[in-house]
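The chains referred to below are lettered A, B, ... by the order of the sequence lines, with proteins before strands, and numbering in each begins at 1.
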Number of protein chains: 2
Amino acid sequence: MNIKEVASRTGLPAKTIRYYEEIGLVTPDRAANGYRSFDRTHVHKLAFLARARGLGFSIEDCRGLLALWEDRDRASGDVRAIAKAHLAEIEEKIAGLQEMRATLSDLVAACHGDDRPDCPILKRLETG
Amino acid sequence: MNIKEVASRTGLPAKTIRYYEEIGLVTPDRAANGYRSFDRTHVHKLAFLARARGLGFSIEDCRGLLALWEDRDRASGDVRAIAKAHLAEIEEKIAGLQEMRATLSDLVAACHGDDRPDCPILKRLETG
DNA sequence: CATAAGGGTTCCAGTAATGGGAAGGTCAAG
DNA sequence: CTTGACCTTCCCATTACTGGAACCCTTATG
């Protein structure tokens, strides 16, 4: 299977698939003409990566998950640890963004937003 | 005022201040020995930048806000538009992260996380 | 047979916003 | 005079790709 076919099956851009090969996440075969040649297992692996990335796991997380996925004897606790750490990161990000949102929506609400130059948003950025 | 003093007053690392000069956000004077020389207005501007960045505005947003801040006659509506757009972005990010969190916390809860190899997290990543 | 379209390949550069570190100039104190 | 704390510029690394140039392969059509 050529790269474009794999791209449409996994939803990953061809560029991204080449990049994943470059960093050692997949290792497709090569046809005589130099084209990458993917089989079912490569596609499966790439689809796994697409889903994990979609859940926000970093590339290095994915590398770890992939290794665990391929290890028939891994402990589910190992996987869970990665997922839990990632969950904690997500929660931190959410908290930070919610704080920003609160401040910003206050500011937007306070600003009359017309043609007059008086603006509480700038005032706030000015003085802290 | 030398750069380290400015760094400690604004909370911005010296590296970042140099970078802000490089991209044209501030233009400190230069002393005879080549050292950057900041005055009150530079510090004020950098403090403004630090606050805006702290609220998650991008550098380009900051450039726009700074221009409006320095324009005595700007319309507050212009500022408000930038802030509202940024607020919308933040809200999108929060929504995306909350979705991830929901999925992930379901998965973490479903995984017994012990020494056995059976793992719902990987299973889910495997099959979508 | 020439050619054009639509694959594929590699490599180089750029993104956002810094951070790290090297190599070297300057300044104040002991 | 030397030490140590500053300052300078310059270049590389980061994350996870994305875009583009230059070039090869395959197939269909005039």
Side-chain angles (χ1 to χ4, degrees), chain A residues 1-39 42-43 45-46 48-66 85-86 89-90 92-93 96-97 100, chain B residues 1-38 42-43 45-46 48-66 85-86 89-90 93 96-97 100:
Chain A
M1 203 182 317
N2 283 350
I3 200 167
K4 207 171 191 208
E5 173 74 14
V6 179
S8 85
R9 287 197 196 196
T10 59
L12 292 169
K15 274 267 184 187
T16 300
I17 296 172
R18 290 195 195 97
Y19 172 67
Y20 286 174
E21 180 187 13
E22 192 188 323
I23 63 175
L25 289 179
V26 260
T27 311
D29 300 329
R30 292 292 175 141
N33 59 10
Y35 286 17
R36 286 170 183 81
S37 173
F38 299 85
D39 63 23
H42 297 129
V43 175
K45 213 162 165 178
L46 286 165
F48 178 99
L49 286 168
R51 284 184 214 104
R53 293 284 302 126
L55 280 174
F57 285 100
S58 74
I59 291 284
E60 288 316 306
D61 281 344
C62 288
R63 201 187 293 282
L65 289 170
L66 218 43
H86 181 43
E89 273 174 38
I90 287 176
E92 244 180 75
K93 275 188 202 163
L97 286 171
M100 281 186 207
Chain B
M1 202 184 313
N2 282 350
I3 199 165
K4 206 171 192 206
E5 173 73 15
V6 178
S8 85
R9 288 197 195 196
T10 59
L12 292 169
K15 274 266 183 190
T16 298
I17 297 172
R18 291 196 195 97
Y19 172 66
Y20 287 174
E21 181 187 14
E22 192 188 321
I23 62 174
L25 289 179
V26 261
T27 311
D29 299 329
R30 292 291 175 142
N33 59 10
Y35 287 17
R36 288 171 182 80
S37 173
F38 299 84
H42 297 130
V43 175
K45 212 163 166 179
L46 286 164
F48 179 98
L49 284 167
R51 284 183 215 105
R53 294 281 305 126
L55 279 175
F57 285 99
S58 73
I59 292 283
E60 288 315 307
D61 281 343
C62 289
R63 201 188 294 281
L65 289 169
L66 217 44
H86 180 43
E89 272 173 39
I90 288 177
K93 273 187 205 164
L97 287 170
M100 279 185 209

[X]: side-chain contact (heavy atoms from CB on, under 4.5 Å) partners, not counting sequence neighbours:
X: B:S37; result: B:D29
X: B:N2; result: B:Y35
X: B:E5; result: B:M1, B:R9

TODO: Give a yes or no on whether the backbone of B:E22 and the side-chain of B:R18 come within a donor-acceptor separation of less than 3.5 Å.
DONE: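 A pair under 3.5 Å: no.
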What is the separation between atom [atom1] on [X] and atom [atom2] on [N], rounded to the nearest whole Å?
X: B:E5; N: D:dA5; atom1: CD; atom2: C1'; result: 15 Å
X: A:I3; N: D:dC24; atom1: CD1; atom2: C1'; result: 16 Å
X: B:D61; N: C:dA16; atom1: CG; atom2: C1'; result: 13 Å
X: B:K4; N: C:dC27; atom1: NZ; atom2: C1'; result: 15 Å
X: A:F57; N: D:dT15; atom1: CZ; atom2: C1'; result: 17 Å
X: A:I17; N: C:dT9; atom1: CD1; atom2: P; result: 10 Å

- [ ] List in numerical order all residues of residues 23-38 of chain B for which some heavy atom is under 4.0 Å away from an atom belonging to DNA chain C.
- [x]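 Listed by number, they are B:N33, B:Y35.
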Open item on the list: Quick check on the helix from C:dC1-D:dG30 to C:dG30-D:dC1: what's the angle between its two end axes, five base pairs per end, to the nearest 10°?
Closed with: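 Here the local axes at opposite ends form an angle of 40°.
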Nucleotides 11-14 of chain D: which of its N/O atoms have a protein N/O under 3.5 Å away?
none

Open item on the list: So B:R53, base contact, sugar-phosphate only, or nothing? Heavy-atom distance under 4.0 Å.
Closed with: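 Sugar-phosphate, no base atom in range.
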